[in-house]
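Reviewing the structure listed below.
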Amino acid sequence: MSQQFDVLVIGGGPGGYVAAIRAAQLGFKTACCESNPYADPKGEPRLGGTCLNVGCIPSKALLHTSHLFEEAGHSFADQGISVGTPKIDVSKMIARKAKIVDQLTGGIKGLFKKNKVTLLNGHGSFVGQVAEGWQVKVGEEIVTAKQVIVATGSSARHLPGIPVDNKLVCDNVGALDIDAVPGKLAVIGAGVIGLEMGSVWRRVGAEVTVLEALPDFLAAADQDVAKEALKVFKKQGLNIQLGVSIGEVKVGKKGVTVAYKDKDGNDQKLEADRLIVSVGRVPNTDGLNAEAVGLKITGRGMIEVDGHCRTNLPGVWAVGDVVRGPMLAHKAMEEAVMVAELMAGQAGHCNFDTIPWVIYTSPEIAWVGKTEQQLKAEGVAYKVGKIPFMANGRALGMGDPTGFVKMLADAATDRILGVHIIGANASELISEAVVAMEFAGCSEDLARICHAHPTLSEVVHEAALACDKRPLHF
Ligand code: FAD
Ligand code: NAI
């Protein structure tokens, strides 16, 4: 007899494992199947998906180490600390990252045990529907579940004619495991991964060239922020070429040659020891056997869902990177909780207007809500409060006064429409803006809140005051 569950989650990334835990907490007999290619030495699947294994967590570990390395080499001396010329031990940096990944992926297994989620080792694919629910093949076994949550995530998009071996030519998987500092590193795509991984390897000594197809830098960000970021990154030594068109990529024994046309249409050749291809991600729907049950997939390969993550099939849901919306771990987790709560008859909800974005470069970039260019395009009347970190005592004390906070509020109602931060700890500072916007707050609400002194959060406070043209310290 096949195993029967109330809920089967396909995929154990942030969308899947959170959905499974929340469903189990709500009293459902829950299983989660995972076919992770990053199996642990015991041959068991590793939970945590892209995020924990080859995404958010390992990239942030490398960003931290490389940031400290750069500080030691460039900023310590300004504060009277001499440490000589720092040296980087790449294998140690990578081993530290791997240990963090092991700890966290193992931790999810512990959470499954604690919450009584059954972990099934194997690839999940739809078989059909019977009276008891949906039948899904997991490995060699057929499992039946009343409800199924598809959380199969995404994989790196590759470019035709550029085979990724994750040695000389890397996607995110190889880029997080480079075993020596490349003398020259080429990156195709100046998006989030290109900038984060480009920063890591530049900081530890690589000469990094980033080739971006679009003429605008960070087109999704507020263009004020994007302009400042481009200026700072170029000053740091990232060679960012916009508006390029990639031609032939030749892979030799020891390196790669990337032919491209620059923004003026001139032929260029870039020789590099390694190449990272970071041109976006594609949803994982192949192998789900979606056709067997008539699960609708969009032309872009995503599972079609409504605002509540319901697919076209009753009792089948889909969350995270495999559906529309930003491919972010916290968005996947929000959707996961919403779906589990809706299944339990609760009022699950996900506010897509207040999902924050963070790019963990230095300075960090973070935003929530609308950009100034979006408000202009929508014809919304708005006011702007913009304050530089240069005016903030804490930022100066930290030796990190680059960037600014920019708040956009409705001209008539004062409701906060967007907050854009480039600067130290932007990833943490953005939370205040998210909370304010979730509660439909106004710039005056933030202006009237007492912010601890001296903190970077005072710049958010001042930006709120500046919306009403009354900053106190600028
Ligand atoms: P995934 O994490 O991709 O998990 C899907 C899981 O399903 C995988 O484990 C896969 O093996 C499994 N699976 C697939 N098909 C099947 C099947 N048929 N049967 C069984 N199992 C299956 N986001 C952030 O919010 N912050 C960051 O800082 C950040 N940094 C990133 C850095 C990098 C380098 C990358 C690549 C991504 C980063 N992301 C970040 C994005 C984030 O990793 C994803 O948005 C997030 O992992 C999506 O979660 P998910 O559960 O939808 O999918
Ligand atoms: P991305 O969508 O952020 O950036 C891809 C870039 O490549 C774009 O600027 C695009 O114009 C460019 N591009 C596309 N085709 C190209 C071509 N042929 N030649 C040159 N440039 C080309 O995608 P990326 O960086 O691969 O990251 C994937 C996703 O992973 C992100 O969108 C994000 O959802 C997630 N992520 C999130 C992070 C975070 O939250 N800090 C960190 C890293 C990834």
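Position 1 is the first residue of the sequence; numbering continues from there. Keep in mind that the numbers below use all heavy atoms, side chains included, and drop hydrogens, waters and symmetry copies. Every number for a ligand or one of its atoms is a count from 1 in the order of the listing.
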Subject >> ligand 1 N/O within reach of Y360 N/O, cut-off under 3.5 Å >> reply: no

**OP:** Considering the heavy atoms of R281, write down every atom of ligand 2 situated less than 4.0 Å from one of them.
**Re:** 28 (C), 29 (C), 30 (O)

Original post:
Considering only heavy atoms of C51, which atoms of ligand 1 have at least one such atom less than 4.0 Å away?
Top reply: 2 (O), 43 (O), 47 (O)

Subject >> Those atoms of ligand 1 less than 4.0 Å from some heavy atom in N172 >> reply: 34 (C), 36 (C)

Original post:
What atoms of ligand 1 come within less than 4.0 Å of a heavy atom belonging to H330?
Top reply: 25 (O)

**OP:** Compute the shortest N/O to N/O distance between E196 and ligand 2 and return yes if it is under 3.5 Å, no if not.
**Re:** yes

**OP:** Could you check I108, N36, D102 and say which one makes a side-chain contact (heavy atoms from CB on, under 4.5 Å) with L52?
**Re:** I108

**OP:** May I ask you to identify the nearest protein heavy atom to atom 37 (C) of ligand 1, giving residue, atom name and distance to one decimal place in Å?
**Re:** G55 CA, 4.0 Å

Subject >> Closest non-hydrogen atom pair between F233 and I365, with its separation >> reply: CZ-CD1, 4.1 Å

Original post:
Which option, V192, I246, T361, owns the non-hydrogen atom nearest atom 38 (C) of ligand 2?
Top reply: V192

Original post:
Please state which protein non-hydrogen atom is closest to atom 6 (C) of ligand 1 and give its distance, to 0.1 Å?
Top reply: E34 OE1, 3.6 Å

Original post:
Going by the order shown, which atoms of ligand 1 are within less than 4.0 Å of some heavy atom of G320?
Top reply: 52 (O)

**OP:** Could you list the atoms of ligand 1 found under 4.0 angstrom from a heavy atom of I10?
**Re:** 17 (C), 18 (N), 19 (N), 20 (C)

Subject >> Protein heavy-atom partner closest to atom 15 (N) of ligand 2 - residue, atom, separation in Å >> reply: R157 NH2, 3.2 Å

**OP:** State the atoms of ligand 1, each with its element, that fall below the 4.0 Å cut-off from a heavy-atom position in S59.
**Re:** 32 (C)

Original post:
Can you check whether I57's main-chain N or O pairs, donor with acceptor, with S59's side chain at less than 3.5 Å?
Top reply: no

Original post:
Counting heavy atoms only, which of G189, A366, S278 comes nearest to atom 5 (C) of ligand 2?
Top reply: S278

**OP:** Report the member of L195, V244, L159 with the shortest heavy-atom distance to atom 18 (N) of ligand 2.
**Re:** L159

Original post:
In the protein, what heavy atom is nearest to atom 13 (N) of ligand 2, and what distance, to one decimal place, separates them?
Top reply: V279 CG1, 3.8 Å

Original post:
Does E207 use its side chain to pair, donor to acceptor, with the backbone of G183 at less than 3.5 Å?
Top reply: no

**OP:** Write out the residue and atom name of the closest protein heavy atom to atom 39 (C) of ligand 2, then the distance separating them to 0.1 Å.
**Re:** V358 O, 3.3 Å

Subject >> Heteroatom proximity flag, G280 to ligand 2, N/O under 3.5 Å >> reply: yes

**OP:** May I ask you to identify the nearest protein heavy atom to atom 43 (C) of ligand 2, giving residue, atom name and distance to one decimal place in Å?
**Re:** I193 CG1, 3.4 Å

Original post:
For ligand 2, is any non-hydrogen atom under 4.0 Å from I188's backbone (N, CA, C, O), its side chain (CB onward), both, or neither?
Top reply: side chain

Original post:
Can a non-hydrogen atom of G287 be found less than 4.0 Å from any atom of ligand 1?
Top reply: no

**OP:** Classify the contact between N172 and ligand 2 as side chain, backbone, both or neither, using a heavy-atom distance cut-off of under 4.0 Å.
**Re:** neither

**OP:** Please indicate whether any nitrogen or oxygen in A213 is less than 3.5 Å from any nitrogen or oxygen in ligand 2.
**Re:** yes

Subject >> Where ligand 1 meets R281 - atom numbers and elements under 4.0 angstrom, heavy-atom basis >> reply: 36 (C)

Original post:
With a 4.0 Å cut-off, would you call D353 and K370 a salt bridge?
Top reply: no

Original post:
In terms of atom number and element, which parts of ligand 2 are under 4.0 angstrom from non-hydrogen atoms of Y360?
Top reply: 41 (N)

**OP:** For atom 42 (C) of ligand 1, grab the closest protein heavy atom and report residue, atom and distance to one decimal in Å.
**Re:** C56 SG, 3.8 Å

Subject >> Evaluation steps, side chain to side chain contact (heavy atoms under 4.5 Å, CB included), between I188 and Y260 >> reply: CA-CA 11 Å; I188 301 182; Y260 67 96; over 6 Å; no

Original post:
Should S35 be counted as touching ligand 1, given the test is an N or O pair under 3.5 Å?
Top reply: yes

Original post:
Which of the atoms in ligand 2, numbered in the order shown and given with their element, are less than 4.0 Å from a heavy-atom of M327?
Top reply: 33 (C), 34 (O), 35 (C)

Subject >> Contact atoms of ligand 1, heavy-atom distance to K60 under 4.0 Å >> reply: 27 (C), 28 (O), 29 (C), 30 (N)

Subject >> Numbered atoms of ligand 2 (with element) below 4.0 Å of L214, judged on heavy atoms >> reply: 11 (O)

Original post:
What protein heavy atom sits nearest atom 52 (O) of ligand 1, and how far away is it?
Top reply: D321 N, 2.9 Å

Original post:
Under a heavy-atom criterion of less than 4.0 Å, does G122 contact ligand 1?
Top reply: yes

Original post:
Taking both backbone and side-chain atoms of E212, is any N or O found less than 3.5 Å from an N or O belonging to ligand 2?
Top reply: yes

